[in-house]
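Here's the structure, in structure tokens; my notes come after.
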2 protein chains.
Amino acid sequence: MKKLSFAEENYLKAVYHLSNAGELDVSTNSIAEEMDTKAASVSDMLRRLSEKEMVVYRKYQGVKISEKGKTAALQVIRKHRLWEVFLVEKLKFNWDQVHEIAEQLEHIKSPLLIQRLDDFLGHPKFDPHGDPIPDENGLFKEKPQVPLAEVEISGDGIVVAVKDTNSMFLQHLDRIGIYLGAKTKVTEKVEFDGSMEILVDGKNKLFISKEVAENVLVTH
Amino acid sequence: MKKLSFAEENYLKAVYHLSNAGELDVSTNSIAEEMDTKAASVSDMLRRLSEKEMVVYRKYQGVKISEKGKTAALQVIRKHRLWEVFLVEKLKFNWDQVHEIAEQLEHIKSPLLIQRLDDFLGHPKFDPHGDPIPDENGLFKEKPQVPLAEVEISGDGIVVAVKDTNSMFLQHLDRIGIYLGAKTKVTEKVEFDGSMEILVDGKNKLFISKEVAENVLVTH
DNA sequence: AATAATTTTTAGATTAATCTAATTTTATTT
DNA sequence: AAATAAAATTAGATTAATCTAAAAATTATT
């Protein structure tokens, strides 16, 4: 089980995410789009990952991540999320600034480093976006998460994650006052455009668009 | 001033170190030896670094690092040493375990990250091996450092650095009880083999070989 | 100074990762 | 089911970084 290159790790991560934790088959084009690269490059890489038995690849039929690949992907995800916690908790970054840096840090190879970092951070179970951090064995528990858009009127929730992690969106949330851990109550739903009115922390009334409502995830 | 690759950064660092902070010309072979690679690879890379104006390269005459190159090298060195402080101070690594990991971390690209890390660590001026940490502008102050071997009898000192940073040597120092910050007094010098007797922290009498005495640096 | 030894560079290959363009396979639509 | 569209793969190039082997330049030694 030799070391994977940065590129290989990134492809594996993409396959893992797109396959919904390894269940579904993933198409070449969807990987290309996710990684902002060309389908030809993806085909090539899938062939190589397949030789390393990280994925099960049938030409023209898409790809499925293997157990071996899932383990590898989960370790990269673990590192990514631990570093995000470090950046926010210790280095005072905002949650919308950490992704890019964690994309680099996630490829540092040293099991001892990650163990020590995990200790230092107090074994966090979720990253600053509310996503769960896999343990050394790749195990983690998901909080059941629902988009605000699907919460019924007068339903309560706590913001635990966002679907879209793009920086502009996160900045918008900051601006209107939605943050991780905020308590929400849906006070009105507008049928024709999917927008809604919510109460944040029991005091701030907010009108949010369909786009926002669909991308903010809450537990209930 | 585009981004440098990992390999380019490593070559620049090697040139900087071998040239004694950029003063001397450096030979192709010495770089190859330092980097554990072949002279042909070095020639190639020097040509590329020269095109980017990071070094001044005259065929068959060796290279000199340029101002631009020196700036770049010092930023990598700054990052390396800050990460080493982080690993030792925050993650409880021993000083002989941090080099390899810092070799990876030094290539992470984010000026803001390094600024925040520096803040978090309280703007340290020296790394765990006693080497100075350049500031954002590449400036730093050297402590005047002398090998123990050159200290006269009854001379006092404080261990501030080691010349040889190889892991086996550092472990040996740990074992015999020499550490960064230890107070030393030379109590006897044996002429014919260069060994000596020293008193560490005023209480531990140690006999050290010529090899050790030449590689442990003290301020006085 | 001529020859030998050493150092450095060039020439030519190789590998990983990428691309464009052409081809092949699969899916969709008349 | 034939034709068309879409998706995926292959072929062929390119770039960075490396290597071995051969050639060229420099340095050292008779």
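Just so it is clear, the values below take in all heavy atoms, side chains as well, and ignore hydrogens, waters and symmetry mates. A note on names: the letters A, B, ... follow the listed sequences, proteins ahead of strands, and every chain is numbered from 1. In this text, all values refer to a predicted model and were calculated from it rather than measured experimentally.
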(message) So that I know where these two stand, are Phe86(B) and Phe86(A) an aromatic pair - ring centroids less than 6.0 Å apart?
(response) yes
(request) Verify whether the ring centers belonging to His129(A) and His99(A) lie closer than 6.0 Å. (result) no
Could you state the atom-to-atom distance from [atom1] of [X] to [atom2] of [N] in whole Å?
X        : N       : atom1 : atom2 : result
Tyr60(B) : dA25(D) : OH    : C1'   : 5 Å
Asp44(A) : dT10(D) : CG    : P     : 9 Å
Lys59(B) : dA25(D) : NZ    : P     : 10 Å
Lys38(A) : dA11(D) : NZ    : C1'   : 17 Å

(request) Answer whether the closest heavy-atom distance between the side chains of Ile133(A) and His123(A) falls below 4.5 Å. (result) no
(message) Please classify the nucleic acid contact of Ser41(A) as base, sugar-phosphate, or nothing, using heavy-atom distances under 4.0 Å.
(response) base
(request) Assign Tyr57(B) to base, sugar-phosphate, or nothing according to its heavy-atom contacts below 4.0 angstrom with the strands shown. (result) sugar-phosphate
(request) Would you kindly compare Ala39(B) and Tyr11(A) by the position of their nearest DNA chain C nucleotide and give the one closer to the 5′ end? (result) Ala39(B)
(request) Identify the heavy atoms of Ile101(B) and Ser110(A) that sit nearest to each other, and give their distance. (result) CD1-OG, 3.4 Å
(message) Which heavy atom of Ser43(A) sits nearest to which heavy atom of Thr28(A), and what is that distance?
(response) OG-CG2, 4.0 Å
(request) With salt bridge (Lys or Arg N to Asp or Glu O under 4.0 Å) as the test, would you mind laying out the steps for Glu106(A) and Arg81(A) before giving the verdict? (result) CA-CA 8 Å; Glu106(A) 71 187 5; Arg81(A) 292 180 180 168; over 6 Å; no
(message) Going 5' to 3' along DNA chain C, which are the first and last nucleotides with any atom under 4.0 Å from a heavy atom of chain A?
(response) dA17(C) to dT26(C)
